[in-house]
Amino acid sequence: MSVRVRYAPSPTGSPHVGNLRTAIYDWLLARKEGGKFIARLEDTDRSPERYVPEGIYDIEASLRFLGIMPDEWWVTGGSAGPYVQSQRLPIYQAEIERVIASGSAYRCYCTRERLDEMRKAQQERGTPTGYDRRCRFLSPEDRARHDAEGKPSVVRLAMPLDGVTVLHDEIRGDITYENRLQDDQVLIKSDGFPTYFFACAVDDHLMGITHIIRGDDWLSSAPKLVQVFHALGYPLPKFVHPPLIVGADKKKLSKRHGATQFSWFMEQGYLPEALLNFLVLLGWSAGDENRELFTIPELIEKFSIAGMSEHPAVFDYDKLNWINGQYIRSSEPGRIIGLCLPYLRKAGLIPEPPPGDASDEEKRIYRETWLDYARRIIPLEQERMKVLSEVVDLVGFFFEDLDYPNGYEPKAVAKWMGVAHLKPLLEKEITAFSALPDWTAAALEASVREITEELGVKFAEVIHPTRVAATGRTVGPGLFETLWALGRERTLHRLRTVLEKNDWPSTGA
RNA sequence: GGGGAUAUCGUCUAGAGGUUAGGACGAGGGAUUUUCAGUCCUUAAGCCGGGGUUCGAUUCCCCGUAUCCCUACCA
């Protein structure tokens with residue numbers, strides 16, 4: 001039987017990174033085994049906090065971003081649809097009637113109040129909590145009476161009262177649970193919607209799912225799911241419970257650990273392959289290969305359930321940044337430029353492009369003024385970026401109108417704009433740069449080295465003040481590439497401005 | 001309270017009944033250099049505890065401990 005795996009998110013907003021890691025595992029397994037990757041929307045919880053209709057777009061965007069497109073899902077359909085649980089109600093209805101008729105499930109008329117009180121009392125007594133099964137043993141007459149009265153009800157699983165349920169997890173092996181300790185799980189809620197357990201079993205069976213891959217947090221309730229499969233008379237798929245992703249405090253990763261929503265990572269400028277690479281490694285390893293960076297084809301080839309770890313993994317933002325930096329550095333500059341432009345526009349460093357119906361002339365000017373400039377600059381910072389959004393801070397000084405000393409780092413000014421040889425240096429540079437036949441990094445360097453000689457100072461004593469005068473800061477790409485990228489006009493303008501406005505010590509004249 | 005899972009450097013992990021317990025992130029040091037970054041070299045850092053099995057356990061078993069997860073008409 002060919003492998004079919006599913007990613008089953010709930011539309012509660014932008015998916016959690018742990019959730020997407022599971023999707024990645026699903027996808028890798030499907031690709032590795034030549035199977036199908038299916039996505040199914042689990043929207044059976046209709047409470048306003050848990051049902052965010054727009055959340056579905058975040059899910060789609062995340063999958064697209066990562067490049068892990070389902071073979072069958074609600075967007076494109078498929079032979080086992082519909083792939084949205086709220087559209088499958090009649091299916092659940094038919095199946096639950098069958099299970100009730102078989103005696104493996106029963107209607108429960110207990111009110112929430114009674115359930116709450118019962119639980120409270122159990123907690124106070126220190127006894128295990130759980131439904132007391134009152135309705136399980138209702139007489140047919142009582143049952144008929146409740147139904148006749150139109151009492152609201154839920155349907156519960158009639159959990160076996162003794163014996164054990166053995167779950168074979170592909171990562172951890174056999175796990176044994178005592179049935180008497182399992183609750184009579186609600187399968188159909190009073191609003192008619194199925195709960196996770198029921199919908200999951202029905203859908204996974206009907207969709208031909210061969211491997212249920214889901215977080216470790218499902219492990220303790222797994223026997224209930226297994227019994228639902230039994231009650232329905234379905235064969236069991238394979239179960240895979242990867243370890244949880246946790247925060248630095250070892251607790252299940254959540255909002256309070258910082259960013260966990262996938263959308264945040266997309267906004268920050270993490271590359272898809274970096275995120276995928278990092279997430280895969282959080283709970284899986286290629287074995288004896290001492291390597292952290294894997295291409296997607298390599299991951300598909302090497303992936304296996306056997307390589308999955310069984311203990312939780314702390315989400316390490318530092319390592320993610322390192323991996324992302326690696327991918328940024330090894331990307332084609334053109335790609336990075338294209339990805340960075342939106343950040344520059346958003347920050348107001350470059351304007352929005354002219355509209356489609358603008359004149360060719362306008363478009364040409366935009367391109368030459370902004371795009372060509374950005375194209376010169378961004379590659380200079382490529383090896384410094386950890387995330388794309390950093391480009392704004394990194395290249396800001398290229399775009400901003402520096403009007404000395406406004407926009408200059410005070411510390412940089414204090415350190416270098418008071419040195420004795422600054423004035424002759426600037427004067428010589430302005431003269432030399434104006435006359436430079438070719439505005440290239442090499443020519444600029446030759447020129448500055450010559451000036452250094454004339455001034456009789458160390459190279460560093462020329463480099464640093466020149467950098468500060470031209471950029472307003474002490475750090476950045478190599479000085480000559482910086483000046484080259486800045487262009488002759490901007491460079492001269494900035495040097496002249498410093499020359500004019502600097503607070504020169506009185507010369508005694 | 002009950003149940004389940006897990007335990008190798010700070011973090012992600014590899015590993016085998018006998019190894020100098022390997023790699024990576026991060027941290028420290030050094031080199032390169034015009035700064036930062038990068039790159040290269042380098043250092044420190046680990047088998048939870050106690051029993052048992054065994055000639056020999058970090059590795060296998062048991063117990064303990066710790067941590068996490070579940071304990072909803074949420075998934």
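No experiment lies behind these values; they were computed from the predicted model shown. Residue numbers start from 1 in every chain, and the chains themselves are labelled A, B, ... in the order their sequence lines are given, proteins ahead of strands. Side chains included, hydrogens not; waters and symmetry mates left out as well; all remaining heavy atoms used.
- Here Lys189(A) reaches the OP1 or OP2 of C74(B): one of its side-chain N or O atoms lies under 4.0 Å away.
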Intermediate values then yes/no, ring-ring contact (aromatic ring centres under 6.0 Å, His included), Phe303(A) and Tyr25(A): CA-CA 8 Å; Phe303(A) 186 75; Tyr25(A) 288 152; 5.6 Å; yes
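- Listed pair Ser10(A) / C74(B) fails the phosphate criterion, with no side-chain N or O lying under 4.0 Å from OP1 or OP2.
- Atoms CH2 (Trp284(A)) and P (A14(B)) sit 10 Å apart, rounded to a whole Å.
- The environment of CD in Glu332(A) is sparse: at most 12 heavy-atom neighbours from other residues, nucleotides or ligands sit within 6.0 Å.
- The aromatic rings of Phe262(A) and Phe265(A) sit tilted, their planes meeting at an angle between 30° and 60°.
- Here C25(B) presents its C1' atom at 11 Å from NZ of Lys386(A), a figure rounded to the nearest Å.
- A donor-acceptor pair under 3.5 Å links the side-chain atoms of Gln382(A) to the main chain of Ser331(A), judged by distance alone.
- Atom CD of Glu124(A) is separated from atom C1' of U71(B) by 17 Å (rounded to the nearest Å).
- Stacking of Arg156(A) on the aromatic ring of Tyr106(A) is not recorded, the 6.0 Å distance cut-off and the 45° axial limit not both being met.
- Considering only the side chain of Asn290(A), G22(B) comes nearest among G22(B), C73(B), C12(B).
- Arg156(A) comes within 4.0 angstrom of the backbone, heavy atoms only, and of no base.
- A salt bridge links Arg384(A) with Glu381(A): at least one charged nitrogen is closer than 4.0 Å to a carboxylate oxygen.
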Protein proximity profile, nucleotides 4-11 of chain B - base contact B, sugar-phosphate-only contact S, no contact -, cut-off 4.0 Å on heavy atoms: SSSS---S
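- In this structure, Ser309(A) reaches the U13(B) phosphate: one of its side-chain N or O atoms is under 4.0 Å from OP1 or OP2.
- In terms of phosphate contacts, Arg329(A) brings a side-chain nitrogen or oxygen within less than 4.0 Å of OP1 or OP2 of U39(B).
- For the C1' atoms, the distance from U67(B) to U8(B) is 16 Å, rounded to whole Å.
- Mapping Pro128(A) and Asp191(A) onto RNA chain B via the closest heavy atom, the residue that lands nearer the 5' end is Pro128(A).
- Judged by Watson-Crick or G-U wobble contacts below 3.5 Å, the nucleotide C68(B) has G4(B) as its partner.
- Residue contacts for Thr129(A): at a heavy-atom cut-off of 4.0 Å it reaches a base atom on one of the strands shown.
- Base pairing analysis places U20(B) opposite nothing; no Watson-Crick or G-U wobble pair with both distances below 3.5 Å involves it.
- Mapping Gln182(A) and Glu292(A) onto RNA chain B by nearest heavy atom places Gln182(A) at the nucleotide closer to the 5' end.
- Closest approach to the Arg449(A) side chain among U34(B), C73(B), C25(B) is made by U34(B) (side chain taken as heavy atoms from C-beta onward).
- When both pairing distances are held under 3.5 Å, C25(B) makes a Watson-Crick or G-U pair with G10(B).
- In this structure, Arg40(A) is not positioned above the aromatic face of Tyr7(A) in the sense of NZ or CZ being under 6.0 Å from the six-membered ring centre and within 45° of the axis.
- Atoms NE2 (His464(A)) and P (U33(B)) sit 14 Å apart, rounded to a whole Å.
- At whole-Å resolution of the value, CZ in Arg114(A) and P in C73(B) are 12 Å apart.
- Taking every side-chain heavy atom of Arg50(A) into account, C74(B) is the closest of C69(B), A37(B), C74(B).
- The partner of G38(B) is U32(B), judged by Watson-Crick or G-U wobble contacts that both fall below 3.5 Å.
- Rounded to whole Å, the distance from CD on Glu481(A) to P on C36(B) is 15 Å.
- Checking the phosphate oxygens (OP1, OP2) of C70(B), no side-chain nitrogen or oxygen of Lys224(A) falls inside 4.0 Å.
- Distances shown here put a side-chain N or O of Gln326(A) below 4.0 Å from the OP1 or OP2 atom of U39(B).
- Taking atom C1' in both A45(B) and G26(B), the straight-line distance is 11 Å, to the nearest Å.
- The distance between atom CG of Leu41(A) and atom C1' of A75(B), rounded to the nearest whole Å, is 12 Å.
- Looking at heavy-atom distances under 4.0 Å, Arg119(A) makes contact with sugar-phosphate atoms alone, never a base.
- Using the six-membered ring where Trp is involved, Trp218(A) and Tyr196(A) have ring planes that are parallel, under 30° apart on the 30 and 60° scheme.
- Using a 4.0 Å cut-off between a side-chain N of Lys or Arg and a carboxylate O of Asp or Glu, Arg172(A) and Asp216(A) qualify as a salt bridge.
- Nucleotide G3(B) holds its P atom 15 Å from the CG atom of Asn179(A), rounded to whole Å.
- OP1 and OP2 of G1(B) both lie 4.0 Å or more from every side-chain N or O belonging to Thr127(A).
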